[in-house]
A.B. asks: 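Quick one: structure below, then a few questions.
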Amino acid sequence: LSEVLRIISEAQGDIKAVIPSILTYALELCDAEFGILFEYRGNSRFCASHTLGIAKPFKDWLDDQGEFSVSPATGLGRMDEKRDVINIIDVKSEDIYRTDDPLRYATADLGGARSFVAIPMLAADRLVGAFTIYRQTVRPFSDDTTRLAQTFAAQSVIALENARLISAAQKTFL
């Protein structure tokens with residue numbers, strides 16, 4: 001926690017500096033290959049605003065999608081509905097993988113993800129995004145790892161809100 005707070009403090013509201021640092025630290029501590037911070041746009045719609053370590057085909061797919069809707073059967077869809085952590089042991093073993101769901105296809109086949117955890121980013125009771133980390137082998141995230149990822153998600157919310165406040169204040173004073 002102190003390392004994440006140091007990262008936020010040193011970034012001085014520069015979200016483009018703080019989120020990659022938080023993602024890097026989270027991936028190292030959670031022993032994961034890649035991570036994505038999704039911004040929530042309401043009505044089950046998300047946008048991948050920050051990525052780290054993802055395969056180029058998956059990154060290209062996310063960039064092409066921009067803002068996209070998620071099915072309630074996807075990890076993000078379930079997280080949106082429950083406002084709780086979704087820990088998927090193997091993304092290819094779930095029924096949705098055998099459908100034509102574009103997000104699951106992109107995650108598993110373009111990104112190479114196998115194990116996945118989605119952590120809701122909440123500002124009070126309002127969903128602002130999802131902090132997601134992925135492993136490219138079937139290796140579920142432990143409860144301890146999930147709790148650690150929740151800390152990163154909570155700190156990411158603080159970083160995002162601070163960046164918005166600083167940006168608004170700078171516009172006011174300019």
Side-chain angles (χ1 to χ4, degrees), residues 1 4 19-20 22-55 57-59 61-62 65-161:
L1 180 59
V4 174
I19 296 300
I22 290 173
L23 276 172
T24 298
Y25 196 58
L27 295 180
E28 288 173 10
L29 290 179
C30 296
D31 193 27
E33 284 80 24
F34 65 95
I36 303 171
L37 188 147
F38 289 97
E39 287 186 38
Y40 185 64
R41 302 290 173 88
N43 298 321
S44 297
R45 298 188 62 75
F46 289 86
C47 176
S49 59
H50 301 277
T51 63
L52 184 67
I54 69 173
F58 190 25
K59 172 82 168 113
W61 184 88
L62 288 167
Q65 299 304 303
E67 186 177 306
F68 58 93
S69 293
V70 297
S71 154
T74 64
L76 283 176
R78 287 181 274 178
M79 185 219 61
D80 178 20
E81 181 181 318
K82 295 180 181 184
R83 300 294 201 265
D84 201 4
V85 173
I86 301 299
N87 192 350
I88 299 174
I89 295 170
D90 183 1
V91 298
K92 289 187 174 185
S93 71
E94 294 190 321
D95 289 341
I96 190 170
Y97 180 69
R98 291 177 284 288
T99 70
D100 61 356
D101 184 82
L103 180 58
R104 183 55 60 99
Y105 164 78
T107 302
D109 292 346
L110 300 179
R114 294 302 299 266
S115 294
F116 157 82
V117 66
I119 313 287
M121 296 170 57
L122 301 168
D125 60 350
R126 179 178 55 91
L127 183 65
V128 297
F131 189 86
T132 61
I133 55 176
Y134 306 79
R135 290 182 175 150
Q136 293 179 314
T137 57
V138 177
R139 202 163 39 98
F141 291 92
S142 69
D143 290 342
D144 287 341
T145 301
T146 301
R147 277 192 294 279
L148 182 61
Q150 286 176 293
T151 300
F152 290 114
Q155 297 306 313
S156 295
V157 171
I158 293 169
L160 287 169
E161 295 298 314

A.B. asks: Compare all side-chain heavy atoms of Gln65 with those of Leu103 and state whether any distance is below 4.5 angstrom.
C.D. replies: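 No, too far: nothing below the 4.5 Å cut-off.
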
A.B. asks: Give, for atom CG of Leu148 and atom CG of Asp143, the distance between the pair rounded to the nearest 0.5 Å.
C.D. replies: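 Rounded to the nearest 0.5 Å, the CG-CG separation comes out at 12.5 Å.
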
A.B. asks: With rounding to the nearest 0.5 Å, note down the distance linking CD in Glu94 to OG1 in Thr99.
C.D. replies: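 Between atom CD of Glu94 and atom OG1 of Thr99 there are 10.5 Å.
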
A.B. asks: Is the shortest heavy-atom distance from the side chain of Ile88 to the side chain of Arg78 under 4.5 Å?
C.D. replies: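 Yes, side chains in contact.
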
A.B. asks: Is any side-chain heavy atom of Ile54 closer than 4.5 Å to a side-chain heavy atom of Tyr134?
C.D. replies: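 Heavy-atom side-chain distance check fails, nothing below 4.5 Å.
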
A.B. asks: Would you say Tyr97 and Val91 make side-chain contact, with heavy atoms under 4.5 Å?
C.D. replies: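 Not touching, per the 4.5 Å side-chain cut-off.
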
A.B. asks: Rounded to the nearest 0.5 Å, what separation is found between the CG atom of Asp31 and the OG1 atom of Thr145?
C.D. replies: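 Those atoms lie 8.5 Å apart.
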
A.B. asks: How close do Glu67 and Arg45 get, counting heavy atoms only, and between which atoms?
C.D. replies: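 Looking at all heavy atoms of both residues, the closest pair is OE2-NE, 2.9 Å.
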
A.B. asks: Check whether any side-chain heavy atom of Leu122 lies under 4.5 Å from a side-chain heavy atom of Arg83, and answer yes or no.
C.D. replies: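 Leu122 reaches Arg83 side chain to side chain.
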
A.B. asks: Please report the shortest heavy-atom distance between Glu33 and Leu27, naming the atom on each side.
C.D. replies: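 Looks like O-CD1, 4.0 Å.
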
A.B. asks: Is there a side-chain contact between Trp61 and Thr107, using heavy atoms and a 4.5 Å cut-off?
C.D. replies: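 No, their side chains stay 4.5 Å or more apart.
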
A.B. asks: Hey, does Phe38 have a side-chain heavy atom less than 4.5 Å from the side chain of Met121?
C.D. replies: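 They are not in contact (no side-chain heavy atoms under 4.5 Å apart), so the answer is no.
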
A.B. asks: Could you tell me whether the side chain of Phe141 reaches within less than 4.5 Å of the side chain of Arg135, counting heavy atoms only?
C.D. replies: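 Yes, close enough: below the 4.5 Å cut-off.
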
A.B. asks: Search all heavy atoms of Glu81 against all heavy atoms of Pro72 and return the closest pair with its distance.
C.D. replies: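 Scanning both residues completely, I find the closest heavy atoms to be OE1-CB, 4.4 Å.
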
A.B. asks: Evaluate the side-chain contact (heavy atoms from CB on, under 4.5 Å) criterion for residues Phe131 and Leu23: first the C-alpha distance (whole Å), next the side-chain angles of each, then the deciding distance (0.1 Å), finally the verdict.
C.D. replies: CA-CA 9 Å; Phe131 189 86; Leu23 276 172; 3.8 Å; yes

A.B. asks: Determine whether Arg114 and Asp90 satisfy the following criterion, side-chain contact (heavy atoms from CB on, under 4.5 Å), listing intermediate values before the conclusion.
C.D. replies: CA-CA 5 Å; Arg114 294 302 299 266; Asp90 183 1; 2.8 Å; yes

A.B. asks: Is it the case that the side chains of Thr74 and Ser71 hold a donor-acceptor pair, with the cut-off being a distance below 3.5 Å and no angle test?
C.D. replies: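 Per modelled atom types, Ser71 and Thr74 side chains form no pair under 3.5 Å.
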
A.B. asks: In a check of side-chain contact (heavy atoms from CB on, under 4.5 Å) between Thr146 and each of Ile133, Val117, Ile86, which one passes?
C.D. replies: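 The side-chain contact (heavy atoms from CB on, under 4.5 Å) with Thr146 is passed solely by Val117 among Ile133, Val117, Ile86.
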
A.B. asks: Apply side-chain contact (heavy atoms from CB on, under 4.5 Å) to the pair Thr132 and Phe116, showing each step before the final yes or no.
C.D. replies: CA-CA 7 Å; Thr132 61; Phe116 157 82; 3.8 Å; yes

A.B. asks: Could you report the tightest heavy-atom contact between Ala55 and Leu110, atom names first, then the distance?
C.D. replies: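 For Ala55 and Leu110, the tightest heavy-atom pair comes out as CB-O, 3.5 Å.
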
A.B. asks: Rounded to the nearest 0.5 Å, what's the gap from CZ on Phe58 to OG1 on Thr51? Could you check?
C.D. replies: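 One finds 9.0 Å between CZ of Phe58 and OG1 of Thr51.
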
A.B. asks: Looking at every heavy atom in both Leu127 and Gly129, which two are closest together, and how far apart are they?
C.D. replies: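 Leu127 and Gly129 have their closest heavy atoms at CD1-O, 3.2 Å.
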
A.B. asks: So how far is it from Phe46 CZ to Glu39 CD, rounded to the nearest 0.5 Å?
C.D. replies: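 Rounded to the nearest 0.5 Å, the CZ-CD separation comes to 11.0 Å.
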
A.B. asks: Of the non-hydrogen atoms in Ile89 and Pro140, which two are nearest, and what is the gap between them?
C.D. replies: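 Of all heavy-atom pairs spanning Ile89 and Pro140, the closest is CG1-CB, 3.8 Å.
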
A.B. asks: Distance-only, no hydrogens or angles: does the Ser44 side chain make a donor-acceptor pair with backbone N or O of Ser69 under 3.5 Å?
C.D. replies: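 Flag not set: sc Ser44 to bb Ser69 has no pair under 3.5 Å.
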
